[in-house]
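Predicted, not measured: the structure shown is a model, and the values here were computed from it. Each residue takes its place number in the sequence, starting with 1.
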Amino acid sequence: MTGFLPGNLQPEKVEDRWRYELADFAKAHQQELAALSWGLWLENQHNGSVMGIDLQPTPHFIYCPKEAVLKLNETVGSFLQEVVGIVEGFNPETEVLLVGINQGQLKVIEFVTEPPPPQCFEMISTDVDTLLDRLEQGLQERVKG
């Protein structure tokens with residue numbers, strides 16, 4: 001029987017659990033992820049790339065060039081057109097976009113923070129590498145690929 005277990009919205013299929021763990025991680029770390037997203041956006045000179053999380057071999061952050069998302073969409077016969085639309089419409093000044101990748105599957109998480117990402121980055125007041133290390137450690141503890 002597939003579906004959700006009563007009361008906690010966790011999937012019964014183990015192979016789907018990572019999606020829920022990733023969403024829970026994002027919810028618990030919204031402001032830090034917003035700060036990281038903005039910091040990476042600044043470091044990469046507003047090049048249109050998006051933040052990603054690759055769960056293999058262990059969960060770690062990656063930065064996905066927009067061109068790579070477009071090429072992947074072409075490779076899979078435009079089955080990722082919705083993801084392409086989200087990436088093209090992404091506004092890093094007001095929202096956070098994460099693309100989770102696990103064994104050929106994607107999970108897109110998009111959310112708005114209060115305050116917006118630039119202010120989150122100022123509030124966190126740490127460098128991108130330190131923030132990245134801290135979030136990656138939490139990610140590895142919380143999400144099992």
* Asked: Side chain of Glu95, backbone of Val112: donor and acceptor closer than 3.5 Å?
  -> no

Across all chains, not counting sequence neighbours, the side chain to side chain contact (heavy atoms under 4.5 Å, CB included) partners of Thr113 are Gln30, Ala34, Val96, Phe111, Pro117, Cys120

**Item:** Any donor-acceptor pair under 3.5 Å from Asn73 side chain to Gln81 backbone
**Value:** yes

Q. For the side chain of Arg134 and the backbone of Asp129, is there at least one donor-acceptor N/O pair under 3.5 Å apart?
A. no

Would you indicate whether Gln105, at its atom CD, is surrounded by more than 12 heavy atoms from other residues, nucleotides or ligands within a distance under 6.0 Å? yes

Decide yes or no for Ser49 and Asn44: does some side-chain heavy atom of the first lie under 4.5 Å from some side-chain heavy atom of the second? no

Validation row: Ile86, Glu88 side chains within 4.5 angstrom (heavy atoms): no

Practice item. Taking the side chain as every heavy atom from C-beta outward, state whether Pro115 and Glu122 have any pair of such atoms under 4.5 Å apart. Key: no

Across all chains, not counting sequence neighbours, the ring-ring contact (aromatic ring centres under 6.0 Å, His included) partners of Phe25 are His29

Interatomic distance, CD@Gln137 vs CD@Glu141, rounded to 0.5 Å, equals 5.0 Å

Before you tell me yes or no, could you show the steps for Ile109 and Val99 under side chain to side chain contact (heavy atoms under 4.5 Å, CB included), namely the whole-Å CA-CA distance, both residues' side-chain angles and the distance that decides it to 0.1 Å?
CA-CA 6 Å; Ile109 298 174; Val99 178; over 6 Å; no

Can you find a pair of side-chain heavy atoms, one from Ile53 and one from Ile101, that are under 4.5 Å apart? no

Is there side-chain contact between Phe61 and Asp54, with at least one heavy-atom pair below 4.5 Å?
no

| query | Are Met51 and Leu36 side-chain neighbours, meaning at least one heavy-atom pair lies under 4.5 Å? | reply | yes

- Query: Checking Ser37 side chain against Leu33 main chain: does a donor-acceptor pair fall under 3.5 Å?
  - Reply: no

Could you tell me if Thr130 and Asp133 have a donor-acceptor pair between their side chains, going purely by distance under 3.5 Å?
no

#### Entry: Note, Leu97 side chain near Val108 side chain (heavy atom, < 4.5 Å)
yes

